[in-house]
*Asks:* 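Have a look at this one before I ask anything.
Numbers here are sequence positions counted from 1.
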Amino acid sequence: MRVGYGWLVMGALAGCTVFGTGASAAEVKYLDEFDLSAMSCGMGAKAQARRSILGKPLRLGDKTYERGVGTHSESLMFFRADGRVAAFDAVVGVDRETQEYPASWRTGKNWGSCSFRVYADGRKVCDSGVIKEKDAPKPLHADLEGAQWILLECSDGGFWAGYLCGHGDWADARFTFNDGAKLEPVKDDPLLDQWGVLTPPEAQEPRINGAAVWGVRPGHPILYRIPVTGRSPVTLTVEGLKAEKLKGVKFDPQTRLLSGSVAEAGDYELVLKAENAKGKAERKFTLKVGEKIALTPPMGWNSWNIYGGSVTDAKVREIARGMHESGLADHGWAYVNIDDWWMKNSGAGEKGNADHAGPVRDAEGRFIPQAKFPDMKALADYVHGFGLKIGIYSSPGDKTCGGCEGSLGHEAIDAKTWADWGIDYLKHDWCGYGKVFAKETKGRKPTVDDYAKPYRLMSQCLRAQNRDIVHAFCQYGMGDVQSWGEAAGAQVWRSWGDLKDNWTCVLNATESYAEAYKYTRPGFWCDPDMMVVGYLDTDFGMHESFLSNNEQYTHMSLWCLLNAPLLLGCDLNHMSDFTKGLLMNDDVLALNQDTLGRQAERVHHDEETDIWWRPLEDGSSAAGIVNRYPFKRTVTFKFSEAGLSGECWVQDLWRQKSLGLHRDGIAVDVPGHATFMIRIEPDCIRCQERRARK
Ligand code: GLA
């Protein structure tokens, strides 16, 4: 469409400054005239020309717009230009349709929000800031003269909200050209690069994976399967078990399982040796018998992000089998945790759900699980049979978040029941306790004690059992839990609400970590929630994570750097090669399981880049260079930002390959929303040796 420049100035875009190039003639082309298949769109949806993302008229505030594009965050559209595109103008906001969602959706923070940005040649040219659904739409103007490439971004404006209701409208959106300008949308430009599988194929030589330490309380059962990879058959031996104090410990080379118990507290040094036709591996391993358990962050799976309320005994068994058969267990993945809905939900029972009918507890006050969990002890035995561990879920309130039977008033009997079944992990979710808390703190400011009370009580009950049960507090960071979680008996505390597979959620979750390094250490971990990678069901049916590949790399990288518990929520029997590579990279997992247990600190933070850095047990250190922008950038990490100096040996952790020696810093290419992970060996450790080898 060709129009005179005067038409633009007088155009219908009230409040928006229209760009003036001084050119005597200009051409305008609306965004809805371009091939919108080049626009990516969140939630697996497709951007709509002249329509909202739900296919309705574009409506922002009181106004309906004829022209424009409806999309869903996260959404990107990339263009190659020739320097003669003059400007881009639009009115942006959250489409009115999100306000018409059913009332049941519209709880808490569950409303729409988006932010809109335009980038050109590596610069952010304009930014709407966060716009919530009830905010007035905003005019945007981007001066694009000289640009060789242009990127339109509609991203989630905030936690939860944008994930569900990020219905972003680029209303009246149009480019103005100087005569003859070229502008083409491009899908596969190198600047929008998505990393594929970076993890190299598993080596044939044996490798001993997982933590180099395991904590167990005196006299309590040890259940530790040594994770080993390499071409079969691999023979595994454990040296050091002949010591008198370890006579109660057994090692089965067939199952690779360490079992039994040790009566006396102490650090028992063992040597693990693996051998196959291709080579040998050896590693020191400390059995730490004492009060502290979970000496490295728990790694495993949780049912919530895939099965929600439809979890069953059969599904949990399938997952345990999948963890074993997929090879995940050989890389250290070990917990199989059942979330809400294993117990009865009397409300569902009354509404005719036969699985939940009848009494929720027996005459002694013990849980009667719902019918799809016919025998919890048998299930625990099945999971233990693979050398894996099993976790369970409850609430300190009378009801769980899903309205099932909680533990209020039954703490002692519940802890005993779980121990009798063979449970190894408890996720203890605040939800139903909110009512008790509100009553107890009515008319006054809650104290730390008010928050800690129900958790302390359950911790004492768990500690009274004859087996170790990891106690994971799930209360979303209330009352600054990180400062008192350890004292109240936690091994793990949630710092954050429910994580969804959305870029802003992942970044926001790590914000809750900025101060956490002060409190975390071996045995005490901060949890930004379960992982949202792979094939899962975070409310919208089974789907591959809505996070892009690069975003999944960032998610995994950060959870490893930050010593977060790694709890998958995906189907372990249907993992793509990409998911397998993401979850079975032993160099990356080794950060999470490093015995020093020092969580990364953010040593650099600005709008474009985060750099997280942490020291490691062997004197080296690791850093994650996060590109917060959606296109490929070269980012420089100055070693001085982490207190390092001189010449360092650098390794690319995802690709497991050396990047050679670097003085003072390193510049790396990081695709949009990806994280480049490096391990750094300062000169003082092995550079001389490496140089000689080179
Ligand atoms: C809360 C928790 C989730 C999950 C559900 C179960 O929302 O934060 O992780 O456990 O409850 O109902």
*Asks:* Just checking, is any N or O donor in the side chain of Asp414 or Ser407 under 3.5 Å from an acceptor N or O on the other one?
*Replies:*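 Looking only at side-chain atoms, Ser407 and Asp414 do form a donor-acceptor pair, the distance falling under 3.5 Å.
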*Asks:* Step through the shown structure and confirm whether more than 12 heavy atoms of other residues, nucleotides or ligands are within 6.0 Å of CZ on Arg598.
*Replies:*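 No.
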*Asks:* Any carboxylate oxygen within less than 4.0 angstrom of a Lys/Arg side-chain nitrogen, looking at Glu269 and Lys284?
*Replies:*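 No.
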*Asks:* Any chance the side chains of Thr447 and Asp449 put a donor and an acceptor closer than 3.5 Å?
*Replies:* no
*Asks:* How many angstroms lie between OH in Tyr451 and CE in Met478, if you round to the nearest 0.5 Å?
*Replies:* 6.0 Å
*Asks:* Ion pair present between Lys315 and Glu318, side-chain N to carboxylate O less than 4.0 angstrom?
*Replies:* no
*Asks:* Is Arg602 paired with Asp610 through a side-chain N to carboxylate O contact shorter than 4.0 Å?
*Replies:*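 So Asp610 pairs with Arg602 through a salt bridge.
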*Asks:* Could you walk me through whether Met584 and His331 pass side-chain contact (heavy atoms from CB on, under 4.5 Å), step by step?
*Replies:* CA-CA 6 Å; Met584 301 194 213; His331 297 269; 3.5 Å; yes
*Asks:* In terms of relative ring orientation, are Trp418 and Trp342 parallel, tilted or perpendicular, with 30° and 60° separating the classes?
*Replies:* perpendicular
*Asks:* Picking from Tyr393, Trp301, Tyr335, what satisfies ring pair (Phe, Tyr, Trp, His ring centres under 6.0 Å) with Tyr425?
*Replies:*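 Per the ring pair (Phe, Tyr, Trp, His ring centres under 6.0 Å) rule, the option paired with Tyr425 is Tyr335, out of Tyr393, Trp301, Tyr335.
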*Asks:* Please check if any side-chain donor atom of Glu405 sits under 3.5 Å from a side-chain acceptor atom of Asn345, or the reverse.
*Replies:*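 Looking only at side-chain atoms, Asn345 and Glu405 do not form any donor-acceptor pair under 3.5 Å.
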*Asks:* If the threshold is 4.0 Å, N to carboxylate O, is there a salt bridge linking Arg463 and Asp468?
*Replies:*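 No salt bridge links Arg463 with Asp468.
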*Asks:* Go through it in stages, so that I can follow the logic: the residues are Asp450 and Thr441, the test is side-chain hydrogen bond (donor to acceptor under 3.5 Å, both in side chains), and I'd like the CA-CA distance, side-chain angles, deciding distance and then a yes or no.
*Replies:* CA-CA 8 Å; Asp450 293 319; Thr441 59; 5.8 Å; no
*Asks:* Below 4.0 angstrom, N of the basic side chain to O of the carboxylate: do Asp381 and Lys377 qualify?
*Replies:*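 Result for this pair is yes, salt bridge flagged.
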*Asks:* Any idea how Tyr433 and Phe437 line up, ring-wise: parallel (<30°), tilted (30 to 60°), or perpendicular (>60°)?
*Replies:* tilted
*Asks:* Parallel, tilted or perpendicular, judged at 30° and 60°: which one describes the rings of Phe473 and Trp484?
*Replies:* tilted
*Asks:* Between Arg679 and Asp587, does any side-chain N to carboxylate O distance fall below 4.0 Å?
*Replies:*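 No salt bridge links Arg679 with Asp587.
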*Asks:* Can Asp424 and His384 be counted as having a side-chain donor-acceptor contact under 3.5 angstrom?
*Replies:*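 Yes, His384 and Asp424 have a side-chain donor paired with an acceptor closer than 3.5 Å.
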*Asks:* So does Asp420 pair up with Lys416, basic N to acidic O under 4.0 Å?
*Replies:* yes
*Asks:* As an exercise, state the distance from CD of Glu601 to CZ of Arg614, rounded to the nearest 0.5 Å.
*Replies:* 11.0 Å
*Asks:* For the residue pair Gln599 / Thr520, report whether a side-chain donor-acceptor contact shorter than 3.5 Å exists.
*Replies:*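 Thr520 vs Gln599: donor-acceptor pair found between side chains.
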*Asks:* Would you tell me whether Arg366 and Thr417 have side-chain atoms, one donor and one acceptor, within less than 3.5 Å of each other?
*Replies:* no
*Asks:* Salt bridge or not for Glu486 and Arg521, using N-O below 4.0 Å?
*Replies:*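 Counted as a salt bridge, because a side-chain N and a carboxylate O are separated by less than 4.0 Å.
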*Asks:* Does NZ or CZ of Arg321 fall inside the cone over Phe386's six-membered ring, less than 6.0 Å from its centre and within 45° of the axis?
*Replies:*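 No; the conditions do not both hold, so Arg321 does not lie above the ring face of Phe386.
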*Asks:* Using the ring of Tyr382 (Phe, Tyr or Trp, six-membered ring only), decide whether Arg317 places NZ or CZ under 6.0 Å from its centre and within 45 degrees of its axis.
*Replies:*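 The answer is yes, since Arg317 meets both limits relative to Tyr382.
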*Asks:* Judged by modelled atom types alone, do Trp654 and Thr199 share a side-chain donor-acceptor pair under 3.5 Å?
*Replies:*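 No donor-acceptor contact under 3.5 Å links the two side chains.
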*Asks:* Check the pair Glu205 / Lys280 against salt bridge (Lys or Arg N to Asp or Glu O under 4.0 Å), numbers first and verdict last.
*Replies:* CA-CA 7 Å; Glu205 295 78 17; Lys280 291 181 183 180; over 6 Å; no
*Asks:* Which distance, rounded to the nearest 0.5 Å, do you find between the CG of Asn573 and the OG of Ser326?
*Replies:*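 If we round to the nearest 0.5 Å, Asn573:CG and Ser326:OG are 7.5 Å apart.
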*Asks:* Under the criterion side-chain hydrogen bond (donor to acceptor under 3.5 Å, both in side chains), I'd like the reasoning laid out for Thr675 against Thr554: C-alpha separation, chi angles, the key distance, then a yes or no.
*Replies:* CA-CA 5 Å; Thr675 294; Thr554 292; 2.8 Å; yes
*Asks:* Consider only side-chain N and O atoms of Glu275 and Thr235, and report whether a donor and an acceptor are under 3.5 Å apart.
*Replies:* no
*Asks:* Run Ser395 and Asp429 through side-chain hydrogen bond (donor to acceptor under 3.5 Å, both in side chains) and show every step you take.
*Replies:* CA-CA 5 Å; Ser395 172; Asp429 194 352; over 6 Å; no
*Asks:* Test side-chain contact (heavy atoms from CB on, under 4.5 Å) on Val481 and Ser495; report intermediate values, then the result.
*Replies:* CA-CA 7 Å; Val481 62; Ser495 57; 5.8 Å; no
*Asks:* Working to the nearest 0.5 Å, report the span between CG of Asp339 and OH of Tyr307.
*Replies:* 13.5 Å
*Asks:* Is Lys453 paired with Glu440 through a side-chain N to carboxylate O contact shorter than 4.0 Å?
*Replies:*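 Judged by the 4.0 Å cut-off on N to carboxylate O distance, Glu440 and Lys453 do form a salt bridge.
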